[in-house]
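One structure is given here, and the rest of the page talks about it.
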Amino acid sequence: MKHSFFIKTEKQQNRIQVKILIYAVLLNIILGYLFVLVGASFLIFVCLTITISIIAPFIDVPSGIKSGSLHYYSPLLIGEAVKNGILNLHAGTLFDYYFVLSKKSSSSERKKQVFKGYIEGLLNLIEQYQATYPNQIKIKATSYIINTRTAQKIGLRKAKTNVLGRFLLYFNYFNLLCSLSLMNGRLSFPKLNNVCSFEGELDQLIEKKDY
């Protein structure tokens with residue numbers, strides 16, 4: 001499984017990002033003009049918020065990789081730099097789904113690809129820290145795909161989503177909508193109640209490696 005964005009040259013990557021920004025700006029200018037004409041100027045803010053939510057990972061993720069604040073354990077599993085003994089894991093973003101998932105595959109094949117990406121990422125994470133076992137690192141993760149039962153089997157437990165986390169979920173609703181639609185091959189509206197936060201000790205994850 002390869003991430004087609006990162007196998008491109010830096011010049012090609014920058015060109016893609018610039019195009020995305022230009023298209024986003026032009027779209028908002030056009031829609032903004034139309035909203036003003038019909039007397040619905042308040043929709044300009046709504047449109048801008050949705051646009052930022054959708055394009056943000058196309059800018060933030062590559063920037064985070066370059067700065068070292070983000071690290072790929074697989075093309076569909078990202079980890080933040082360990083801070084205060086906590087390692088935050090993130091499922092693949094819309095940016096990753098777009099450049100990793102095969103456009104020619106069926107929806108079931110794309111779902112399998114997502115699960116495979118998670119598993120590969122967890123195994124790579126374990127391999128990285130297994131040599132330093134025992135560790136004092138806590139894992140935190142949020143996922144729409146993994147349910148509570150599956151999380152428990154790999155050593156994670158369900159945790160309460162804090163206010164900030166809940167706000168970010170609602171802010172990124174359209175981003176998640178695009179991600180799910182891309183994975184399912186059809187328009188798919190996310191149910192935010194299905195998004196769960198999990199936490200656990202890294203050592204517990206390592207102990208579940210065979211499973």
Over all atoms of both residues, closest heavy-atom pair of [X] and [Y]:
X	Y	answer
T148	F198	CA-CE2, 3.8 Å
N28	C47	OD1-SG, 3.5 Å
A91	Y118	CB-OH, 3.0 Å
L205	I126	O-CD1, 3.5 Å
C196	K158	SG-CE, 4.0 Å
P57	P62	O-CD, 3.4 Å

Between [X] and [Y], is there shared hydrophobic-cluster membership here, with clusters defined by ILVMFWY side-chain heavy atoms closer than 4.5 Å?
X	Y	result
L70	I139	no
Y170	L177	yes
M183	F5	yes
F42	L31	yes
L26	F58	no

Roughly how far apart are [X] [atom1] and [Y] [atom2], rounded to 0.5 Å?
X	Y	atom1	atom2	result
I86	L202	CD1	CG	12.5 Å
T132	I137	OG1	CD1	6.5 Å
R186	L180	CZ	CG	9.5 Å
I206	E127	CD1	CD	9.5 Å
Q128	N135	CD	CG	10.0 Å
Q152	Q204	CD	CD	11.0 Å

Could you check if a side-chain atom of [X] sits within less than 4.5 angstrom of a side-chain atom of [Y], using non-hydrogen atoms only?
X	Y	result
I59	L21	yes
L77	L125	no
E80	H90	yes
F35	F45	no
F189	Y173	yes
L122	L89	yes
V114	Y97	yes
F95	H3	yes

Does any N or O in the side chain of [X] come within less than 3.5 Å of the main-chain N or O of [Y], such that one atom is a donor and the other an acceptor?
X	Y	value
K2	P75	no
Q13	K8	yes
N184	S107	no
S105	R110	no

Is K103 atom NZ crowded by more than 12 heavy atoms from other residues, nucleotides or ligands, each under 6.0 Å away? yes

Tell me if the NZ atom of K66 is crowded by more than 12 foreign heavy atoms within 6.0 Å. yes

Parallel, tilted or perpendicular, judged at 30° and 60°: which one describes the rings of F6 and Y72? perpendicular

Polar side chain donor-acceptor pair, D96 to T93, under 3.5 angstrom: yes

Using ring pair (Phe, Tyr, Trp, His ring centres under 6.0 Å), reason through Y133 and Y129 one step at a time and then give a plain yes or no. CA-CA 7 Å; Y133 179 91; Y129 286 97; over 10 Å; no

How would you list, by chain and number, every residue that makes a side chain to side chain contact (heavy atoms under 4.5 Å, CB included) with S53, sequence neighbours excluded?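 Checked S53 against side chain to side chain contact (heavy atoms under 4.5 Å, CB included); matches are F171, N172, N175.
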
Report the C-alpha separation of F99 and I16 in whole Å, then their side-chain angles, then the decisive distance to 0.1 Å, and conclude whether the side-chain contact (heavy atoms from CB on, under 4.5 Å) test is met. CA-CA 12 Å; F99 284 104; I16 290 172; 4.1 Å; yes

